[in-house]
Amino acid sequence: MKTNLSVLSFAFLSVVFSGCNSSPSGVEWKSFSGDKHIEQRVDSVLKQMTLEEKIGQMSQFSANQSITGPVMSDDFQPYLEKGFVGSIFNATSVEGIRRMQKIAVEETRMGIPILFGHDVIHGYKTIFPIPLAEACSWDLDMMQQTARIAAVEASSDGLNWTFAPMVDISRDARWGRVMEGAGEDPYLGSLIAKARVQGFQGGSNWQSLYETNTLLACGKHFAAYGAAESGRDYNTAELSEHTLRNVYLTTYEAALKAGVATFMASFNEVNGIPATGNKRLMTDILRNEWGFKGFVVSDYTGINELVPHGVAKDEKQAAELAVNAGIDMDMTGATFIKYLSQAVEEGYVSEKTIDNAVRRILEMKFLLGLFDDPYRYLNEKRAYQNTLTPEFMAVARKAVAASAVLLKNNNNLLPIRKDKAVTVALIGPLMNDSVNLNGEWAALGDRGKSISVLKGFTEKYRDSPVRLIYAEGSGITQTTPAKIAEAVSAARRADVVIAAVGEDYNWSGEAAVRTDIRLPEAQRELLKALKATEKPVVLVTLSGRPLDLSWEDENLDAIVQAWFPGTQGGHGIADVISGDYNPSGRLVMSFPRNVGQVPIYYNRKNTGRPVNPQDERVDYKSNYLDASVTPLYPFGYGLSYTTFAVSNVKIDKKELKVEGGKITVTADVQNTGTVDGEMVVQLYTRQLWASVTRPVKELKGFRKIALKAGETKQIAFELTAEEMAFYGVDGKKKAESGDCKLWVAQHAEDESNELSFEIME
Ligand code: BGC
């Protein structure tokens with residue numbers, strides 16, 4: 001799709017607001033920062049602006065240095081020169097950004113500086129594991145830290161806005177964008193949303209936006225983008241108010257409470273109305289109910305897409321619908337710049353709506369300090385000094401190890417310690433690969449320079465008696481009998497086989513949906529041949545989504561889910577395999593037994609005919625004829641090189657008052673093995689009856705704790721009525737009375753430590 005921007009006309013119109021046909025959003029702009037001084041400065045700028053200049057502020061163009069959607073025209077120079085550009089994204093160098101900023105500031109009538117945005121999702125140049133992987137670390141401080149580093153690197157390159165974090169709840173492994181989020185759980189997802197927002201923005205205080213090493217964050221994609229039917233990207237989300245409120249909206253609200261400066265509208269429709277033109281979402285909920293004071297950007301050509309969605313007859317009407325719904329900035333679609341002044345003249349959009357949007361955008365520019373010094377982010381020396389530093393590399397390496405999840409480890413096959421005199425056959429398409437390791441949305445990460453798994457192992461075992469032999473065995477999708485034979489021969493000469501398998505990096509991310517989530521056939525063929533050698537096989541899986549690993553689970557000896565690990569991938573994976581790092585990751589998305597189970601998530605409902613997991617074949621129950629209803633690996637699951645036990649679970653009282661009630665849950669957690677390790681202790685609850693059905697399990701707390709071999713620690717959780725609150729039959733969020741259970745568990749299916757309590761008036 002190409003838009004011919006040159007035919008636009010920019011006649012300066014005298015604006016008379018007369019009788020509106022479509023309803024303007026009507027929400028008064030209120031200062032995000034609450035700073036009167038900034039409010040006055042914003043007003044003084046606004047007062048001097050023409051309507052076209054205002055609409056220009058609401059328009060974002062792509063410099064097209066990284067392409068993330070249909071290529072629109074990058075011929076925005078004429079707008080830039082007139083001062084009709086509010087933001088540019090995908091510009092990625094200090095020099096280029098300076099050139100554009102200079103035109104905006106020094107060569108236009110108003111001289112308003114530009115916001116420069118980019119998809120800084122999991123690192124900028126130092127690439128960290130994909131967000132889904134990082135979430136499996138359950139380490140909020142670490143996630144805040146990696147977002148912080150990403151902000152330092154990106155802001156050093158002149159950027160001041162990231163389109164992250166993606167906080168969409170993801171329950172469907174077919175959907176490629178699960179790689180960008182924090183998985184299926186609203187509670188954990190909300191905490192991760194907060195950690196990431198604060199990492200990018202430099203804290204919870206908006207004053208930190210003034211620092212030159214912070215970025216505006218952007219909560220996306222509002223709303224319910226992850227609920228796309230059948231996992232197909234951009235597809236319809238059909239959600240009850242109950243599920244929207246209790247599940248899908250939770251993480252956006254958490255991002256907002258953490259101070260997120262901007263939101264991005266999602267592409268999808270929600271209950272019949274595309275989010276981009278959805279006033280209820282963008283204004284009634286986001287602004288009026290939640291009190292959001294920042295600004296909202298459309299997603300890419302989301303406004304233009306209101307036409308094919310079928311809620312606008314043409315792009316002009318789409319622009320009117322979007323701005324009246326509450327969209328403040330048009331990303332690349334050029335609908336605002338083409339049609340809004342006419343819409344104002346005709347009375348379809350009020351100038352007040354325009355003013356409110358522009359105020360919100362200008363306020364961010366003030367908060368960033370761009371009006372004080374538009375070049376303050378632009379410093380070549382800083383760009384050079386602040387990227388790929390040894391300190392960032394160390395954090396990235398640790399993040400790789402902390403994100404890996406040990407799914408299976410028969411007979412303690414792992415770790416392969418450095419002092420073992422063994423021969424290891426290193427096999428598989430992703431063993432000697434750098435290109436795929438960064439995964440999708442890897443900003444300016446240099447794909448060729450990521451540490452391959454082979455390199456990681458080679459360095460790890462360099463001065464050790466461990467002997468390594470390598471054979472590729474298969475490409476990602478193709479192999480040959482000769483390649484397989486070579487791999488089999490290597491396996492035969494070895495004591496143990498490690499196979500690095502998985503997906504191509506662009507099989508996940510945007511518009512990357514799979515209906516078969518097994519390993520590709522060529523790789524399965526390779527694994528079967530390796531299995532036939534009867535050598536123990538360790539699988540290292542690199543993927544952007546949970547895969548169906550049923551065959552691998554049944555037939556192989558150990559599995560490490562390493563996701564797409566980023567710049568330091570090979571080193572971090574070698575740390576895990578060698579036991580230098582004891583795996584501590586826990587799944588944040590359920591792994592299905594087959595794609596037919598998808599969407600599958602632990603916090604499902606019971607139904608009126610629940611299945612007894614001990615006897616799933618009983619007729620007329622909510623089961624399958626040909627598979628279990630349980631996942632292959634549940635949410636919260638992950639092994640360690642040691643073992644843990646939870647005991648002595650107690651609550652200080654059995655009643656939780658609906659108003660302000662609180663109970664304390666304590667438990668002893670012991671490392672029952674022989675090596676030190678970290679455990680993620682998880683608190684789950686279930687309310688057995690209420691005015692609406694409640695999930696069979698809900699995460700309400702967790703602690704990631706380090707325990708020396710043999711050590712026991714007592715941990716405590718506070719469970720409040722507020723945490724037990726949900727949107728009930730009256731549409732209000734509150735705790736309701738009812739009988740409840742709780743578990744202090746090692747994963748979502750662990751019911752070994754169960755207690756009861758009651759919520760009461
Ligand atoms: C994606 C967004 C992204 C934007 C800009 C869109 O296609 O959905 O997540 O931020 O492009 O690159």
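All ligand and atom numbering here is 1-based and tracks the order in the structure.
For a threshold of 3.5 Å applied to N or O pairs, the pair formed by E510 and ligand 1 contains at least one separation below that value. Residue W441 places no N or O, backbone or side chain, under 3.5 Å from any N or O of ligand 1. Considering backbone and side-chain atoms together, Y300 places no N or O closer than 3.5 Å to any N or O of ligand 1. Polar contact check, R177 against ligand 1: a nitrogen or oxygen pair lies under 3.5 Å apart. Note: an N/O pair closer than 3.5 Å links K220 and ligand 1 by distance alone.
The existence of a salt bridge linking D314 and K316 is excluded, since no basic side-chain nitrogen approaches an acidic carboxylate oxygen closer than 4.0 Å. Salt-bridge formation is not detected for the pair E510/K220: no Lys NZ or Arg NE/NH1/NH2 atom is positioned less than 4.0 Å from an Asp or Glu carboxylate oxygen. For the pair K338 and D330, the salt-bridge criterion is not met [side-chain N within less than 4.0 Å of a carboxylate O]. A salt bridge links R514 with E503; the closest basic N to acidic carboxylate O contact falls under 4.0 Å.
By the neighbour-count criterion of 12 heavy atoms within 6.0 Å, atom CD of E95 is sparsely surrounded, having that number or fewer from other residues, nucleotides or ligands.
For the residue pair E305/T276, the side-chain donor-acceptor check at 3.5 Å is not satisfied.
Residue M331 places a heavy atom under 4.0 Å from ligand 1.
Atoms of ligand 1 lying under 4.0 Å from at least one heavy atom of F163, given by number and element, are 10 (O). Taking every heavy atom of F89 and a limit of under 4.0 angstrom, the matching atoms of ligand 1 come to 5 (C), 12 (O). Listed by number with element, the atoms of ligand 1 under 4.0 Å from a non-hydrogen atom of M264 are 2 (C), 10 (O). When each atom of ligand 1 is checked for a heavy atom of D119 under 4.0 Å away, the hits are 3 (C), 5 (C), 10 (O), 12 (O). Within the listing of ligand 1, atoms 2 (C), 8 (O), 9 (O) sit less than 4.0 angstrom from a heavy atom of H221.
The backbone N or O of K125 lies less than 3.5 Å from a partner atom in the side chain of E153, making a donor-acceptor pair.
For the side chain to side chain contact (heavy atoms under 4.5 Å, CB included) with L159, the qualifying choice from V94, I97, L216 is I97, the only one to do so.
Around atom 6 (C) of ligand 1, the closest heavy atom drawn from D299, N90, T332 belongs to D299.
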